[in-house]
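Okay, so here's the structure we're looking at.
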Amino acid sequence: SMLLRITDEILERFPGAILGVVIAHGLDNATNNAEIDDLLKEAETKVAAELAGAVIIQHPHIAPWREAYRRFGAKPKKYPSSVESLVRRVLKGQALPRINKLVDLYKAVSLRYVVPVGGEDLDKIDGDVLLTIAADNEAPVRLLGDHDERPPDPGEVIYKDNIGAICRRWNWREADRTKFTTETQNAFIVIEGLPPTDSAIIENAVSELAALVSKYCGGAVTTAILNKEKSEIDLTKSSQNINCILLKPGG
């Protein structure tokens, strides 16, 4: 088995943290689909319209991430959360690059619900995945878009497996090692919430993303909600709850 677990250290410090998880096995991330491009365009347009003129740092789904980052010593101006980065790019009128089906779908959901979303290739993960506090001897990691490897700062929130960090500063930037590629067949995607983002929003976003992944990538898709009541899930089982969605590709 391979678990995704929120550690006690995180739950003590951030007791209202909630993770919506989409787990997909046997998917196809290689072929392209023009409909996904339209979905992402729609999400961009929706955010641009709804947040035009808004003070982004006061948005109820963005402010708590700035506060969390400050708490573990990361300046939010220098290190914006993934959702803040995404929203700011769209509001500047920059079209998001199209990467692959999984990335494009999760970015559409991130924009539509204004919540951070990130994902990893399960076949590149070694051991359990922990959402935890970085120790002072974490292994250096190369992040997406970087040339050099650097270790996480002690005390920052990271996702890590046996090899090292797979995402730094909670959701600031992913490691290159576990990114989605067109070859990805097994994956997990995490949608994150901190109060005042309520669990209903995360649950809706998870259901929508699971349906989209099923429709456009096929495979066996399951969902889970992790929080202080239930803090871990097995990532290797392809049908572990009644939310299992089994659709044929394109179905």
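Quick caveat: nothing in here was measured; it's all calculated off a predicted structure.
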Problem set entry | Pairwise side-chain contact, Lys101 with Asp28, heavy-atom cut-off 4.5 Å (strictly under) | yes
For this session: Check the pair Asn29, Thr182 against side-chain contact (heavy atoms from CB on, under 4.5 Å), reporting the backbone distance first and the verdict last.
Result: CA-CA 5 Å; Asn29 200 34; Thr182 49; 5.5 Å; no
Problem set entry | hydrophobic_cluster_shared for Leu3 and Leu19, side chain cutoff 4.5 Å | no
Exercise. Can you tell me if Glu192 and Trp170 form a side-chain donor-acceptor pair at under 3.5 Å?
Worked result: yes
Exercise. Going from CD on Glu84 to CG on Leu86, what distance comes out if it is rounded to the nearest 0.5 angstrom?
Worked result: 11.0 Å
Exercise. Among Leu111, Val22, Ile189, Ile191, which one satisfies side-chain contact (heavy atoms from CB on, under 4.5 Å) with Tyr106?
Worked result: Ile189
Problem set entry | Row check, Phe72 ring normal vs Arg13 NZ/CZ: under 6.0 Å, within 45° | no
Exercise. Between Leu96 and Arg98, is any pair of side-chain heavy atoms under 4.5 Å apart?
Worked result: yes
Seminar exercise, completed: Only one of His59, Lys46, Glu50 passes side-chain contact (heavy atoms from CB on, under 4.5 Å) with Val114, and that residue is His59
Problem set entry | Short N-O contact, Lys107 and Asp104, less than 4.0 angstrom | no
Exercise. Which atom pair, heavy atoms only, marks the closest approach of Gly127 to Asn162?
Worked result: CA-ND2, 3.5 Å
Problem set entry | Tyr113 versus Glu208, side-chain donor and acceptor atoms under 3.5 Å | yes
Seminar exercise, completed: Taken to the nearest 0.5 Å, the spacing of Leu143 CG from Arg168 CZ works out to 6.0 Å
For this session: Might you point out which heavy atoms bring Ala224 and Ile233 nearest each other, and give the distance in Å?
Result: CB-CD1, 3.7 Å
For this session: Using side-chain hydrogen bond (donor to acceptor under 3.5 Å, both in side chains) as the criterion, point out the one residue from Asp123, Asp121, Thr236 that pairs with Asn186.
Result: Asp123
Problem set entry | Nearest-0.5 Å distance that lies between atom CZ in Arg177 and atom CG in Asp161 | 4.0 Å
For this session: Indicate yes or no: at least one non-hydrogen side-chain atom of Ile201 is less than 4.5 angstrom from one of His61.
Result: yes
Exercise. Taking a hydrophobic cluster as the set of Ile, Leu, Val, Met, Phe, Trp and Tyr residues connected by side-chain heavy atoms closer than 4.5 Å, whether directly or through intermediates, do Ile158 and Ile133 fall within one such cluster?
Worked result: no
Exercise. At what distance, to the nearest 0.5 angstrom, does CG of Asp198 lie from CD of Glu203?
Worked result: 8.5 Å
Problem set entry | Any Pro64 side-chain heavy atom under 4.5 Å of Pro196 side chain | yes
Problem set entry | CG-CG distance between Leu226 and Leu131, expressed to the nearest 0.5 angstrom | 9.5 Å
Exercise. Salt-bridged, Lys41 to Glu44, with N to O below 4.0 Å?
Worked result: no
Exercise. Under 4.5 Å between side-chain heavy atoms, hopping through other hydrophobics if needed: is there a path connecting Leu130 to Val141?
Worked result: no
Exercise. Is any side-chain heavy atom of Leu11 closer than 4.5 Å to a side-chain heavy atom of Ser231?
Worked result: yes
Exercise. When hydrophobic residues are tied together by side-chain contacts of less than 4.5 Å, even through go-betweens, does Ile99 share a cluster with Val117?
Worked result: yes
Exercise. Got Leu122 and His25 here, is their nearest side-chain heavy-atom distance under 4.5 Å?
Worked result: yes
Seminar exercise, completed: Shortest non-hydrogen pair, Ser110 vs Val83, comes out as OG-CG2, 4.1 Å
Exercise. Taking it one step at a time, do Glu156 and Arg173 satisfy salt bridge (charged side-chain N to carboxylate O under 4.0 Å, His left out)?
Worked result: CA-CA 13 Å; Glu156 72 173 86; Arg173 204 184 288 168; over 6 Å; no
Seminar exercise, completed: Closest non-hydrogen atoms of Arg150 and Asp146, given as atom of the first, atom of the second and distance, are NH1-OD2, 3.8 Å
For this session: Determine the minimum heavy-atom distance between Leu194 and Ala68, stating which atoms define it.
Result: CD1-CB, 3.7 Å
Problem set entry | Sub-4.5 Å side-chain heavy-atom contact between Trp172 and Pro80 | yes
Exercise. For Ala187, which residues count as a side-chain contact (heavy atoms from CB on, under 4.5 Å) partner, sequence neighbours excluded?
Worked result: Leu27, Leu102, Phe180, Thr184
For this session: Report yes if the side chains of Val55 and Ile57 come closer than 4.5 Å at any heavy-atom pair, otherwise no.
Result: yes
Exercise. Between Lys179 and Glu174, is there a side-chain N and carboxylate O pair less than 4.0 Å apart?
Worked result: no
Exercise. Just how far is it from atom OG1 of Thr178 to atom CD1 of Ile163, taken to the nearest 0.5 Å?
Worked result: 9.5 Å
